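Computed from a prediction, not measured in an experiment: that's the story for all the values here. Quick note: residue numbers are just sequence positions, from 1.
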Amino acid sequence: MEFLRTTEEILVFSAIALLITLWILHEIIKSAVYAAIIKSRYVSKPVLPNTLPIIKDELWSADQIELQRKYDKGEITLEEYIRDFNK
């Protein structure tokens with residue numbers, strides 16, 4: 001390249017090339033972030049099905065309510081809770 005004969009010309013050319021490269025990278029990153037924001041706003045979140053049926057307290061006996069209270073406090077294990085709930 002005939003125009004890159006001096007150090008000053010090489011530095012100016014390198015600075016311009018650097019600015020163009022940085023501008024291109026800026027545009028790529030900006031578009032990627034914009035696309036990610038749009039995708040996160042409009043993608044529906046999966047709805048997990050309720051695996052346990054809701055049982056109203058009025059259908060429970062006093063023993064079952066007491067058993068539930070013990071389980072909530074951590075006094076009994078899940079196995080004991082399940083075993084004794086249907087008694």
Side-chain angles (χ1 to χ4, degrees):
M1 293 185 180
E2 191 175 313
F3 67 94
L4 297 177
R5 285 182 276 176
T6 65
T7 306
E8 183 179 305
E9 290 174 346
I10 293 172
L11 287 175
V12 168
F13 179 76
S14 298
I16 292 171
L18 177 66
L19 289 174
I20 291 171
T21 303
L22 290 176
W23 178 74
I24 291 171
L25 283 174
H26 172 267
E27 292 298 318
I28 291 171
I29 293 170
K30 183 175 75 171
S31 65
V33 169
Y34 180 74
I37 290 172
I38 295 298
K39 185 177 179 181
S40 69
R41 285 185 185 167
Y42 294 111
V43 171
S44 63
K45 294 179 175 62
V47 176
L48 298 176
N50 188 1
T51 57
L52 297 175
I54 298 174
I55 300 174
K56 296 182 180 179
D57 286 343
E58 358 4 282
L59 301 177
W60 290 6
S61 68
D63 292 335
Q64 289 173 331
I65 293 172
E66 180 64 23
L67 191 65
Q68 177 68 37
R69 186 194 60 75
K70 285 182 181 179
Y71 177 72
D72 289 340
K73 283 187 172 183
E75 296 174 0
I76 59 173
T77 65
L78 180 61
E79 291 81 19
E80 292 172 325
Y81 176 77
I82 293 171
R83 183 188 68 227
D84 295 340
F85 187 81
N86 293 323
K87 285 187 180 179

Visitor: More than 12 non-hydrogen atoms from neighbouring residues, nucleotides or ligands closer than 6.0 Å to CD on Glu8, yes or no?
Guide: no

Visitor: Taking all non-hydrogen atoms of both residues into account, name the closest pair between Leu67 and Asp84 and its distance.
Guide: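 Answer, listing the atom of Leu67 first, then Asp84: CD2-C, 3.5 Å.
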
Visitor: Can you tell which of Gln68, Lys70, Gln64 makes a side-chain hydrogen bond (donor to acceptor under 3.5 Å, both in side chains) with Tyr81?
Guide: Gln68

Visitor: Pairs in or reaching into residues 72-83: which pass salt bridge (Lys or Arg N to Asp or Glu O under 4.0 Å), with residues at least two apart or in two chains?
Guide: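 Output for this query is empty, none listed.
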
Visitor: Do you reckon Ile37 sits in the same ILVMFWY cluster as Ile29, going by side-chain contacts under 4.5 Å, direct or chained?
Guide: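 Per the 4.5 Å side-chain linkage, Ile37 and Ile29 are co-clustered.
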
Visitor: Got a sec: does the CZ of Arg41 have more than 12 other heavy atoms crowding it under 6.0 Å?
Guide: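 Counting other residues, nucleotides and ligands, CZ of Arg41 stays at 12 neighbours or fewer.
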
Visitor: Hey, any chance Ile76 and Leu78 share a hydrophobic cluster, counting ILVMFWY side chains that come within less than 4.5 Å of each other, even indirectly?
Guide: yes

Visitor: Donor-acceptor pairs under 3.5 Å, side chain of residues 13-21 to any protein atom, not counting sequence neighbours: which ones?
Guide:
from: Ser14; atom 1: OG; to: Ile10; atom 2: O; distance (Å): 2.9
from: Thr21; atom 1: OG1; to: Ala17; atom 2: O; distance (Å): 2.8

Visitor: Tell me whether the count of non-hydrogen atoms from other residues, nucleotides or ligands lying under 6.0 Å of OH in Tyr71 goes above 12.
Guide: no

